[in-house]
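Notes follow the structure.
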Amino acid sequence: MSKVLELKKGTEDGVRDVLKFLLESGKVKCIFSLKRISGNGSAIAYSLITKPEEIDDTVPLFPLMPVNAANLLSQFTFKGPSPEPVAAVVKPCELRAFVELVKRQKGYLDNILIISPTCGGVYPNTMVADPNGDEKAEVDLDKLQAKYWDSIKQYEIPGEIRPTCSSCEQFIPYNADITVDFIGNGNLGQECRLYLNTTKAEEFVQGVDGSILNNEQDIRTDEINNYQKKREEFKNNRYNELELDDIGLEGLVNLFGKCIGCRGCRAVCPICYCQLCTFDSQNSNYKPSTWENDLKRKGGVRVPPNTVYYHILRLTHIGISCVGCGACEDVCPVNIPISSIFKKMGEAIQDKFDYVSGKNPEEEVPLKIFELEELTEVED
Amino acid sequence: MSNTIEDQEPEFRPKILAFLCNWCSYAGADLAGVSRLQMPADFRNIRVMCSGRVNPLFLMKAYLSGADGVLVAGCHPGDCHYATGNYKARRRFALAKQVLESLGLDSDRIMLSWISASEGPRYAEVNTEFVKKISKLGANSTKTEMFL
Amino acid sequence: MNNENEGIKTEDISSIEDDSQPATTTTSPAPSSENGKGAIIQLEEGKSIDDTLISLLKTGLDKGSFDAVLMPVKVPAGDSFTYLLIRDRSVLDTIPASPLPPIMSVQGAKAISSLTRIENGDLTIAAVMRSCETRAAIELSKLRQANLENMVLISIDCPGAIPLSEFIAVPEKSAEVFQKARSDRDDSVMRPICRVCNKSSMIAGDLHIGTLGAETGSFFIIPNSVKGQEVLDGLNLDAQESISGWHLNANEISEEKQKKRIDANKELKETVGGIDNLTDAFSQCINCHNCMRVCPLCYCQQCYFDSDRMKHPPEDYLQRAESKDSLRFPPDTILFHIGRMMHMTLYCVSCGACEDACPMSIPVSQIYGMVAQDTQELFGYVPGKDPQELRPLATFIETELGEVEE
């Protein structure tokens, strides 16, 4: 249950108003948000903004995730917590991923006011980079957003968003100071409702041109619960389509056969934080005797090696914290449905340890802790 | 002697990698040997200082490189020479097993056992039973897969 | 020595090379294409060039001319191609191999490097790949990232390659389109970088398969080294035929492409030249660094631009944000690209792997290729042409480049 701040403006305009207010009042030094950047008309990127007039060009709720913001918040606070208050508008999975990074000392939440919408999903990057296979075409971003909003208003899953977004049941942000009422808000164009989840949030918005409603409200309603079921249904259908229930070795060889080893999935994954991955290190520099032996036994070996191994091992490393954001699948040059695979397996791993990645910043990553008695089913 | 290896020798001899912790399991294996206990000779033992040293990477790589079975053995919970190594090993092992299971790979090919330094017969039992189990599963298909 | 650096800069390697160590291909070029001699191979009954070539490779394995073959094959799912190192000739009977696949999924030089980065192997390997991949492999051997002593590099006249994303979308149709374009000598369906490649028939390795200018139903095999000649001898192939037909045709095409290339680069310079245009060109770059990782010449295990040197305290970022209207995050996109160019432009073989891997469809290889044309011209350097030739930054002439001195 939270206090709700209502602004008599469209939702995105309202958020922009709040961001401007935070800068003008000096309550924050800097805003972190998606912004239309000059250049190719369809270019949108995250930006650090210190000047209130620049807020006009921000598109904080635009359905795009060029980069998972957790990577960026981590880079921003890598060497230490932000020395000044900063407000960041991020999607729920980006926030969860950042929490997972914070647990691993790869970033700090201190001094960051988090604003996050209930998330309707994002479009693949190709939607703006290579629409209909034509990289020279420019996309009408306003039209795209309008189409998207039409679905969101009616609790519909927009077509053409990332499949992993359509499968996501965790679209209500955990740990946000302010939650933007987005999904199911029939008045997105005229009304902005902001749930103030923390006292910090209430303090920061004091002075905003809007009104706090009399009653506290719960963002989770029956309609939201039904909507979640829609997402769950999509998820299960997708898993079935991809036959992920019993992949097996042959299935893995087929799924990852076209992998070109670009490691893009690793680079964009917020949870993959290693500065030198084992697959780039001396661990993966093989002496000829290694592949010569393999060659003798099999008659033929795929080169470069470790195609399937890389994916299985990456899953082992990050599955416990996978937030199902879909950045991996988006960046893959050969369209392997990586996110769906990792999300499914990640869920199974997290279930095993009764863990939900990114939900509770106080909860340790399961591999860092242990119980004196547990998991007897794996002992023999 | 009806229990000799020669009598029961199956056609397929599995290749099993066994990570044994220095202080307990490896000593237990030694004791089994010194006591002349009969066991199949399919284990390739690797001594590590603690079961907690075993990186899930080893299990995955061994599996994909064609090992028919991989065993991780350490001190009983509560008895770890480094106090908490085996608790961590247990979690990492559970994780690795879950990954294999979720991907439909033979998660039965990896096993975790607690064997103390004085448990020679237990080591022999684990050895024999695991070899039997793996022999039933047959050769790991990754041995012949060219496109890994 | 700068100990703070994460990776080894090429300049550091050059200081190790002070005694002018050449690349590890120890064979000197012998009967080269300029002597105009090679072998003429008749296509086997009803078979294509590709199939005849595969037969030859099988014979080579049987006769022990080489112990293994490294070449592209179709993956089990049939939706792409990858390199397979083949020792057992029966593999070539069961797996569909393709000396010239419609795409360049993995840069062949990277495949070679993954095998011999640490040291030479015992097996002799015949590696069949496109000429740009062969040249990249030779450059890598100069950089100590591959050992070519036991490699027989076989290149082949290249019609170009289909864009990876197009192929992945419709693999079967694309394969057909490619084959037709190949036989029609039509490069309009190939990647932009291929359409202006003037080195598609460049001989750099040990043997070259010449399909241009050959009589119908045949192709040339041209030796370019003692190693190459030995393989032909072992296969009982008489390499005394004139290859002037191939030579003429290849030169003609090369000159034509060179003209195209100069024009295309001139046009590109207008479009992306200058800081504003360049920033625009990379405005959608998401800094995934795919281009760097698939590039054969970017061999650093940890890229400078991924290292700690590029991670700054939040105060720095805030200060930068304040000094501008806003700071795009992550920052330093153009720095990454210009920096990467600084590091590898002299060795860029314009293979196009970078553009194929870019998820935002940025014309990376065309931009890098445009810069590479100028920088390589400055030093008169052609990467991969001569294994004995030192890299420009590894050497110097006492009096040169007066134009940059002041």
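These figures come from a predicted structure and were not determined experimentally. Protein chains get the first letters and strands the later ones, always in sequence-line order, with residue 1 at the start of each.
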Check: So which part of A:E377 gets closer than 4.5 Å to some heavy atom of chain B, the side chain, the backbone, both or neither?
Finding: neither
Notebook entry, point to check: Side chain, backbone, both or neither: which part of A:I349 has a non-hydrogen atom closer than 4.5 Å to chain B?
Noted result: both
Heavy-atom pairs under 4.5 Å with chain B: which of [options] has the most?
{"options": "A:V301, A:I320, A:N306, A:L313", "result": "A:L313"}
{"options": "A:K352, A:E374, A:K344, A:R302", "result": "A:E374"}
{"options": "A:L249, A:D245, A:L367, A:L315", "result": "A:L249"}
{"options": "A:I369, A:N283, A:L295", "result": "A:I369"}
{"options": "A:L372, A:I247, A:D351, A:V303", "result": "A:L372"}
{"options": "A:D294, A:T278, A:I312", "result": "A:I312"}

Note to self: Heavy-atom pairs under 4.5 Å with chain A - which of B:L103, B:L105, B:V126 has more of them than the others?
What the structure shows: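 Winner by heavy-atom pair count: B:L103.
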Check: Taking B:E145, B:M111, B:E129 one by one, which has the highest count of heavy-atom pairs under 4.5 Å against chain A?
Finding: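 Looking at each of B:E145, B:M111, B:E129 in turn, B:E145 comes out on top.
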Note to self: Any side-chain to backbone donor/acceptor pair from B:R90 onto A:V378? Under 3.5 Å, distance only.
What the structure shows: no
Next item on the list: Answer yes or no for B:K61 and A:Y309: cation-pi contact, defined as NZ/CZ to six-membered ring centre under 6.0 Å and angle to ring axis within 45°.
Entry: yes
Check: Between B:R91 and A:E371, does a side-chain contact (heavy atoms from CB on, under 4.5 Å) hold up when you go through it step by step?
Finding: CA-CA 9 Å; B:R91 286 216 168 189; A:E371 303 284 327; 4.1 Å; yes
Check: Do the non-hydrogen side-chain atoms of A:F353 and B:L95 ever get within less than 4.5 Å of each other?
Finding: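 SC-SC contact between A:F353 and B:L95 confirmed.
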